[in-house]
Amino acid sequence: MTLTSHTPLAGVMGWPISHSLSPRVHSYWLKENGLDGAYVPLPVSPDNLEHALRALPKLGFRGVNLTVPHKERALSFLDYVSDVAARIGAVNTVFVSQDGALSGTNTDAFGFLENLRRNAPQWNEARGPVVVLGAGGAARAVVAALLDLDVVEIRLLNRTKEKADALAESLGGPINIIDWSEREDALDGSTLLLNTTTLGMVGQPRLELSLAALTKMAVVYDLVYAPLETELLSTARSLGLSTVDGLGMLFYQAAPGFEGWFGVQPVVTDGLRDSVLSTP
Ligand code: ATR
């Protein structure tokens, strides 16, 4: 496709940015929908974040996604921040308005829930406690989403307990902090297990966890998607449990940005998944 001065532009700012899968996702949707548009990786160092954001309207960008390490710091450089982004304390999607103002929101909670609903439609928030492993940025979005669903109980476990305490205090709600060493007992009676830690990711330590205490109807959801089939998910599958992988969350969190920038609601399909997984 030939790019012109009218081509709608969006991208993703991160540091480093070369590993981001977002350009593959948005490029696939642009092509699939026959749209004029481009989505580019933007390597922006932390020192340059404010200037880079402020340059977006001048460069004709419709907006950007933000990834590590910019999601939290960007809050202070934007003109408007949505309630959900303020609550989570991080922005992952920025829209440039006609007058050049910058609005930030967070679509991670939406992406997390949409992926759960599509891939484990039988799961019901009223049935029992949810176990969340981790208390980093991803956990904040996940816990905020679960609280909005009015789940009966969130059992939150993190290696560094103080971070779990801080997360619970800032988000409020029915959160029980449990020691990391108690993680196998914490599974007892829970209907959903969520891994938001980096354990099990390529190059990171294993997540050591027996799933014996989970009931047969439990869903196991791993936010890690490299590898796609983590040890946690393969263990869950071998026990006959339903599983949800992290790639779908990446797709669903991307959809609101795409719609805002390019004007078409994109669809998450097997074709998208195959394309993202097969692109070298
Ligand atoms: P993200 O933004 O993806 O959530 P993060 O904020 O760096 O990333 O959070 C990483 C999570 O993985 C944290 O919950 C971290 O636990 P700590 O708060 O104790 O650091 C967890 N994590 C990373 N390595 C871990 C390990 N070896 N054992 C247990 N938890 C680990």
Side-chain angles (χ1 to χ4, degrees), residues 12-22 46 49 65-75 84-93 104-113 115-116 130-147 154-171 175-187 192-211 220-228 230-233 235 244-254:
V12 54
M13 290 182 180
W15 187 259
I17 198 58
S18 55
H19 297 301
S20 172
L21 294 180
S22 295
L49 178 62
N65 285 126
L66 298 174
T67 186
V68 179
H70 301 321
K71 287 176 157 189
E72 288 86 11
R73 270 187 72 240
L75 280 168
V84 65
R87 189 156 155 249
I88 295 170
V91 165
N92 74 339
T93 307
T105 191
N106 190 309
T107 64
D108 284 333
F110 165 82
F112 157 73
L113 269 189
N115 190 36
L116 177 62
V130 176
V131 174
V132 177
L133 303 179
R140 286 188 69 87
V142 162
V143 170
L146 291 168
L147 291 171
I154 296 171
R155 297 176 182 166
L156 184 62
L157 299 91
N158 195 49
R159 175 182 59 177
T160 313
K161 190 168 169 288
E162 293 72 26
K163 277 171 71 181
D165 291 335
L167 192 160
E169 185 162 333
S170 77
L171 290 179
I175 302 176
N176 262 338
I177 311 289
I178 297 175
D179 268 357
W180 181 247
S181 59
E182 306 287 315
R183 58 194 180 278
E184 288 176 4
D185 291 342
L187 301 182
L192 176 61
L193 166 63
L194 278 153
N195 176 38
T196 78
T197 74
T198 48
L199 294 173
M201 197 181 277
V202 175
Q204 298 295 319
R206 296 175 57 223
L207 171 58
E208 287 175 33
L209 184 66
S210 159
L211 303 182
V220 177
Y221 186 159
D222 200 342
L223 266 59
V224 171
Y225 56 78
L228 192 58
T230 59
E231 187 183 341
L232 173 66
L233 293 185
T235 305
V244 180
D245 70 50
L247 198 56
M249 177 167 163
L250 177 85
F251 297 153
Y252 288 108
Q253 66 76 32

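It should be emphasised that the depicted structure is a prediction, and the values quoted were computed from it without experimental measurement. Counting starts at 1 for both ligands and their atoms, following the listed order.
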Validation: residues 12-21 side-chain donor-acceptor distances under 3.5 Å, sequence neighbours left out:
unit_1	atom_1	unit_2	atom_2	d
Ser20	OG	Ser22	N	3.1

Handout entry: Expected output: side-chain Asp179 to main-chain Ser181 donor-acceptor under 3.5 Å
Key =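 Checking the backbone N and O of Ser181 against the side chain of Asp179, no donor-acceptor pair under 3.5 Å is found.
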Handout entry: Polar side chain donor-acceptor pair, Ser170 to Arg140, under 3.5 angstrom
Key =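 Per modelled atom types, Ser170 and Arg140 side chains form a pair under 3.5 Å.
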Practice task
Taking the six-membered ring for Trp and the full ring for Phe, Tyr or His, determine whether the centres of Tyr252 and Phe112 are under 6.0 Å apart.
Solution key: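 Not under 6.0 Å, so no.
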Handout entry: Non-neighbouring partners of Glu184 that pass salt bridge (Lys or Arg N to Asp or Glu O under 4.0 Å), sequence neighbours left out
Key =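 Not a single residue meets the salt bridge (Lys or Arg N to Asp or Glu O under 4.0 Å) criterion with Glu184.
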Exercise for the section: Mind checking salt bridge (Lys or Arg N to Asp or Glu O under 4.0 Å) for Asp185 and listing every partner two or more places apart, or none if nothing turns up? Expected result: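 Checked Asp185 against salt bridge (Lys or Arg N to Asp or Glu O under 4.0 Å); zero matches.
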For ligand 1, list every N/O pair with the protein closer than 3.5 Å, one pair per line with the distance.
unit_1	atom_1	unit_2	atom_2	d
ligand 1	2 (O)	Gly137	N	3.4
ligand 1	4 (O)	Gly137	N	3.2
ligand 1	4 (O)	Ala138	N	3.0
ligand 1	6 (O)	Gly137	N	3.2
ligand 1	12 (O)	Thr198	N	3.4
ligand 1	14 (O)	Ala135	N	3.0
ligand 1	14 (O)	Asn158	OD1	2.6
ligand 1	16 (O)	Asn158	OD1	3.3
ligand 1	18 (O)	Asn158	ND2	2.8
ligand 1	18 (O)	Lys163	NZ	2.8
ligand 1	19 (O)	Arg159	NE	3.0
ligand 1	19 (O)	Thr160	N	3.0
ligand 1	19 (O)	Thr160	OG1	2.5
ligand 1	20 (O)	Arg159	NH2	2.9
ligand 1	27 (N)	Arg159	NH1	3.3

